[in-house]
2 protein chains.
Amino acid sequence: MAERPYTHVLSMLQEAGLRPTRQRLGLARLLFEAGNRHVTAEDIYAEAKVAGIPVSLATIYNTLHQFTASGLLREVVVEPGRAYFDTNTSGHHHFFFEETGDICDIPENEISIVRLPPLPQGASLNRVDVVVRVTGGSGRNYN
Amino acid sequence: MAERPYTHVLSMLQEAGLRPTRQRLGLARLLFEAGNRHVTAEDIYAEAKVAGIPVSLATIYNTLHQFTASGLLREVVVEPGRAYFDTNTSGHHHFFFEETGDICDIPENEISIVRLPPLPQGASLNRVDVVVRVTGGSGRNYN
DNA sequence: GTGTTTGCAAAGTGTTTGCAATTTA
DNA sequence: TAAATTGCAAACACTTTGCAAACAC
């Protein structure tokens with residue numbers, strides 16, 4: 001759970017070629033200074049309000065997508081109609097708690113996929129997502 | 001690819017405890033009489049129109065969910081904002097062609113997951129979904 | 001007949017877009 | 001100052017809902 005100081009967040013943006021605007025810096029701090037997170041746009045919108053970061057929902061969406069395009073975030077799809085963004089961009093998988101909507105990480109080495117099928121011709125592998133769907137429990141008492 | 005005659009579709013509905021209305025029968029035939037399919041609500045809405053089955057989009061959604069609740073269909077989530085329904089309800093996984101939006105089945109025995117992580121306390125396993133995301137190619141020349 | 005199912009149109013949710021005003025370098 | 005970024009409000013895609021009419025048993 002590396003805590004990232006302000007300066008690190010700043011250089012993350014610079015390295016990604018994104019101007020460090022007030023909004024982007026504020027959102028990056030919320031996202032990256034607190035360990036691995038799985039958030040929706042509404043989640044950080046609410047957090048930004050509380051934190052006093054002046055930002056609109058449209059900018060939240062823009063920013064999340066820019067961060068994703070830059071490899072700072074990764075999009076996780078577990079439910080139709082809701083996009084989650086994961087601050088952990090390295091290879092790993094997820095538990096999804098169907099009742100609470102919580103998501104939590106499964107380290108890559110805790111699951112191993114043996115024997116991937118041959119890819120369809122002309123296709124190149126992008127990534128393999130594994131979602132372990134569970135009922136009961138919650139992300140609270142895990143990770 | 002078992003072709004299912006009209007009578008089979010009828011008994012599927014009866015066994016599921018669903019009244020075999022004109023709409024449900026028509027949709028069931030479109031869905032189940034042509035082998036494994038991955039469709040969106042709009043997909044079968046369009047097909048129903050062509051096939052001359054009088055049905056509204058609201059009923060399509062109702063029906064897809066009733067079929068899913070009865071175990072006749074399975075919902076597959078690969079993109080936020082779009083729900084796919086899979087006529088193959090047995091254990092298997094999917095290729096997802098990110099550009100075309102095509103989905104196709106990967107038989108369960110072509111992928112094996114070794115060593116699932118311990119479930120969070122209080123949680124019970126619902127199912128494990130594996131999505132192999134690829135770029136290039138399409139569902140056309142596969143399966 | 002009675003309860004179920006349908007369909008319309010309206011509402012809902014989550015997300016994207018156009019464009020003028022603002023901010024950054 | 002020039003180019004990038006923001007924010008509003010409107011538009012969007014997809015899905016759900018309320019309720020009266022139609023249907024199945």
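Below, chain A is the first sequence line, B the second, and so on; all start at residue 1. Keep in mind that the numbers below use all heavy atoms, side chains included, and drop hydrogens, waters and symmetry copies.
- A sub-4.0 Å separation between OP1 or OP2 of D:dT6 and a side-chain N or O of A:Thr21 is present.
- A:Pro54 comes within 4.0 angstrom of the backbone, heavy atoms only, and of no base.
- The distance from atom OH of A:Tyr45 to atom C1' of D:dC8 is 10 Å, rounded to the nearest whole Å.
- Remark: P of D:dC25 and CG of B:Leu10 are 9 Å apart, rounded to the nearest angstrom.
- Nucleotide D:dC25 is matched to C:dG1 when pairs are restricted to Watson-Crick or G-U wobble geometry with both distances under 3.5 angstrom.
- Atom-to-atom, CG of A:Leu64 to P of C:dT16 comes out at 10 Å; the value is rounded to the nearest Å.
- Considering only side-chain N and O atoms, B:Tyr61 lies nowhere under 4.0 angstrom from the phosphate OP1 or OP2 of D:dT16.
- Take the nearest nucleotide of DNA chain D for A:Val55 and for B:Arg82: the residue whose nucleotide is more 5' is A:Val55.
- The phosphate of D:dG7 (OP1 or OP2) has a side-chain N or O of A:Gln23 nearer than 4.0 angstrom.
- Minimum heavy-atom separation, B:Ile106 to B:His92: O-CB, 3.3 Å.
- The closest side-chain donor-acceptor pair between A:Asp102 and A:His38, if any, does not fall under 3.5 angstrom.
- In this structure, B:Ile44 atom CD1 and D:dT15 atom C1' are separated by 13 Å, rounded to whole Å.
- In this structure, A:His65 reaches the C:dT16 phosphate: one of its side-chain N or O atoms is under 4.0 Å from OP1 or OP2.
- Rounded to a whole Å, the CG atom of B:Leu13 is 14 Å from the C1' atom of C:dT4.
- DNA chain C is contacted by both B:Pro80 and B:Gln66; B:Gln66 maps to the nucleotide lying nearer its 5′ end (nearest heavy atom per residue).
- Here C:dT6 sits opposite D:dA20 as a Watson-Crick or G-U wobble pair (both hydrogen-bonding atom distances under 3.5 Å).
- Rounded to an integer number of Å, the gap from A:Leu25 CG to D:dT6 C1' is 15 Å.
- Within a 6.0 Å sphere centred on CD of B:Gln14, heavy atoms belonging to other residues, nucleotides or ligands number more than 12.
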Stepwise salt bridge (charged side-chain N to carboxylate O under 4.0 Å, His left out) check, B:Arg127 with A:Glu98: CA-CA 11 Å; B:Arg127 80 181 195 219; A:Glu98 305 209 301; over 6 Å; no
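- In this structure, B:Glu42 atom CD and D:dT15 atom P are separated by 8 Å, rounded to whole Å.
- Backbone-only engagement by B:Pro20 is indicated by non-hydrogen atom pairs under 4.0 Å involving sugar-phosphate atoms exclusively.
- Mapping A:Leu57 and B:Ala58 onto DNA chain C by nearest heavy atom places B:Ala58 closer to the 5' end of the strand.
- Residues B:Arg133 and B:Glu79 are not paired through a salt bridge, judged by the lack of any N-O separation under 4.0 Å between the basic side chain and the carboxylate.
- A:Val77 and B:Phe85 are members of different hydrophobic clusters when ILVMFWY side chains are connected at heavy-atom separations under 4.5 Å.
- One atom, CZ of A:Phe85, and another, P of C:dG14, lie 14 Å apart when rounded to the nearest Å.
- For C:dG7, one of the phosphate oxygens OP1 or OP2 lies less than 4.0 angstrom from a side-chain nitrogen or oxygen of B:Thr59.
- Between the side chain of A:Arg19 and the base of C:dT24, a donor-acceptor pair under 3.5 Å is found.
- The 5' end of DNA chain D is approached more closely, in terms of each residue's nearest nucleotide, by A:Gly17 than by the other of B:Arg22 and A:Gly17.
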